[in-house]
2 protein chains.
Amino acid sequence: MRPLEVTKREEEYLEAMYILHKNKGVIRVKDIAKIMNVKPPSVVDALKKLAEKGLVEYEKYDRILLTEAGRKIAEETYSKHVFLTKFFVDILGIPPEIAEHDACQFEHYVSEVTVKRMKEFAKFIQEQCPYVLKQFLKEKLEE
Amino acid sequence: MRPLEVTKREEEYLEAMYILHKNKGVIRVKDIAKIMNVKPPSVVDALKKLAEKGLVEYEKYDRILLTEAGRKIAEETYSKHVFLTKFFVDILGIPPEIAEHDACQFEHYVSEVTVKRMKEFAKFIQEQCPYVLKQFLKEKLEE
DNA sequence: TAAAGGTTTTTGGCAACCCTAACACGGTGA
DNA sequence: TCACCGTGTTAGGGTTGCCAAAAACCTTTA
């Protein structure tokens, strides 16, 4: 199997499907469309492409599932998403909605090195100077 | 004049042109192509679009210039680029090349709020616990 | 000044994504 | 069981961006 190239957009579709599966159990075209903010035909296009790449199990009118490979990509992306959002909120004190928005884009580009380093940084700061961090986050609320 | 929509890619073209103008004085198709990692015809396509949007002065075979509006967008993007790279390197201790790469993407998506907050954070940490920061950055070098 | 060589532009095409309109499917209620 | 209605799919098109090949341009040099 070739080094499948997954576009940013495809990664987003996989992540949406992963979240749906996690939360609702079933993955439906309509729900993917809502999350992705597109119309159903676009979802079908995407599903066909993803199926060709072996990332999704898809037969028309049948149930939709992520394959092992697809799930892996989705999970990696999703975990970056969760972490980045948390970092923006807990360390930088960014409003959750904005943090969410920024994380949602950055998650598709950020390198592993950077994520790892951000994790180490968060841990380090929270352990070494929790008081200073608290002070920083407090100042913001007072503005 | 309408709220011109500038795509991420167009923003990148503008930034490339801005940098060329800043460093070399002249902006040439060939050089834009090299920076953008595309072939010359793609650059010409982009220039036409940008000219239509009033962001670039472009007449074929003539010199290429950013308009005031184009320069403004480029400058904003570029300054985010510079800051984000600096943040990744100076605060998180990420290798310059990787910092550059990540900044190069994030700069097109990051919200103003987040940039502002990152700046405040950098300042705060550097002033309030410079020693802890130094220690964090040192540890990384030792791995 | 004319040919050479590099640069720029045009042409024609391809891939990723998205949409509207129309059609197919399938579960539900009368 | 059949008509209905929501959901899913196809058909047909549009935009953005990119490319290779070939044509146009311009500068430089013989």
Side-chain angles (χ1 to χ4, degrees), chain A residues 2-17 20-21 23-66 70 73-74 77 104-105 108-109, chain B residues 2-17 20-21 23-66 70 73-74 77 104-105 108-109:
Chain A
R2 221 106 28 68
L4 352 127
E5 279 194 39
V6 179
T7 68
K8 179 205 172 199
R9 206 51 181 154
E10 287 173 339
E11 219 171 81
E12 286 178 7
Y13 274 102
L14 292 174
E15 191 184 6
M17 291 167 69
L20 283 171
H21 186 261
N23 294 344
K24 298 189 148 193
V26 250
I27 302 172
R28 280 180 308 170
V29 171
K30 199 188 67 166
D31 295 328
I32 299 174
K34 190 189 286 181
I35 293 180
M36 294 297 292
N37 213 25
V38 298
K39 304 295 177 185
S42 307
V43 175
V44 175
D45 285 351
L47 288 173
K48 285 177 182 171
K49 285 253 181 68
L50 290 169
E52 266 176 33
K53 295 189 181 185
L55 301 172
V56 160
E57 274 177 47
Y58 171 69
E59 292 293 330
K60 62 165 140 170
Y61 295 114
D62 202 355
R63 79 198 190 308
I64 302 167
L65 284 179
L66 291 174
I73 292 172
T77 305
C104 207
Q105 296 298 324
H108 301 289
Y109 298 114
Chain B
R2 220 106 29 68
L4 354 125
E5 280 194 38
V6 179
T7 68
K8 178 206 172 195
R9 204 53 179 152
E10 286 173 340
E11 217 170 82
E12 287 178 7
Y13 275 103
L14 291 174
E15 190 183 8
M17 293 167 68
L20 283 171
H21 187 260
N23 294 345
K24 297 191 149 191
V26 251
I27 302 172
R28 280 180 308 171
V29 170
K30 199 188 66 165
D31 296 328
I32 299 174
K34 190 189 287 179
I35 294 180
M36 293 297 293
N37 214 24
V38 298
K39 305 294 177 185
S42 307
V43 175
V44 175
D45 286 351
L47 288 173
K48 285 177 182 170
K49 285 251 183 71
L50 290 168
E52 266 178 33
K53 295 189 182 185
L55 301 172
V56 161
E57 274 178 45
Y58 171 69
E59 292 291 330
K60 60 166 143 170
Y61 293 113
D62 202 354
R63 81 198 189 309
I64 302 167
L65 285 179
L66 290 174
I73 292 172
T77 306
C104 208
Q105 295 299 324
H108 302 290
Y109 298 115

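In what follows, every chain begins at residue 1, and chains take the letters A, B, ... in the order their sequences are listed.
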Which protein N or O atoms sit under 3.5 Å from an N or O of nucleotides 14-18 of chain C?
{"residue": "dC17(C)", "atom": "OP1", "partner": "T7(A)", "partner atom": "OG1", "Å": "2.4"}
{"residue": "dC18(C)", "atom": "OP1", "partner": "R9(A)", "partner atom": "NE", "Å": "2.4"}
{"residue": "dC18(C)", "atom": "OP1", "partner": "R9(A)", "partner atom": "NH2", "Å": "2.7"}
{"residue": "dC18(C)", "atom": "OP2", "partner": "Y13(A)", "partner atom": "OH", "Å": "2.7"}
{"residue": "dC18(C)", "atom": "N4", "partner": "D45(A)", "partner atom": "OD2", "Å": "3.4"}

Can you pull the contact range of chain A along DNA chain D, 5' to 3', using atoms under 4.0 angstrom from its heavy atoms? dT7(D) to dT10(D)
Residue pair A16(B) / M36(B): nearest heavy atoms and the distance that separates them: CB-SD, 4.1 Å
Show the atom names and distances, to 0.1 Å, of all donor-acceptor pairs under 3.5 Å that link a side chain in residues 45-52 of chain A to residues at least two apart or in another chain.
none

If the condition is ring-ring contact (aromatic ring centres under 6.0 Å, His included), which residues does Y58(B) pass it with, not counting sequence neighbours? none
Mapping D62(B) and P41(A) onto DNA chain C by nearest heavy atom, which one lands closer to the 5' end? D62(B)
Nucleotide N/O to protein N/O under 3.5 Å, stretch nucleotides 2-7 of chain C:
{"residue": "dT7(C)", "atom": "OP1", "partner": "K30(B)", "partner atom": "NZ", "Å": "2.9"}

Taking OP1 and OP2 of dT8(C), is either one under 4.0 Å from a side-chain nitrogen or oxygen of Y58(B)? no
Within this structure, what is the [atom1]-[atom2] distance for the pair [X] and [Y], rounded to the nearest 0.5 Å?
| X | Y | atom1 | atom2 | result |
| --- | --- | --- | --- | --- |
| N37(B) | S42(B) | CG | OG | 10.5 Å |
| M17(B) | I35(B) | CE | CD1 | 10.5 Å |
| H21(A) | I64(A) | NE2 | CD1 | 11.5 Å |

Apply side chain to side chain contact (heavy atoms under 4.5 Å, CB included) to the pair H108(B) and Q105(A), showing each step before the final yes or no. CA-CA 9 Å; H108(B) 302 290; Q105(A) 296 298 324; over 6 Å; no
To the nearest angstrom, how far is K60(B) atom NZ from dT11(C) atom C1'? 12 Å
From CA spacing to verdict: side chain to side chain contact (heavy atoms under 4.5 Å, CB included), L55(B), I73(B): CA-CA 9 Å; L55(B) 301 172; I73(B) 292 172; 3.9 Å; yes
What do the steps show when you test V26(A) against R63(A) for side chain to side chain contact (heavy atoms under 4.5 Å, CB included), and what is the final call? CA-CA 8 Å; V26(A) 250; R63(A) 79 198 190 308; 5.9 Å; no
Salt bridge (charged side-chain N to carboxylate O under 4.0 Å, His left out): pairs with one or both residues in residues 26-40 of chain A, sequence neighbours excluded: K24(A)-D31(A), R28(A)-D31(A)
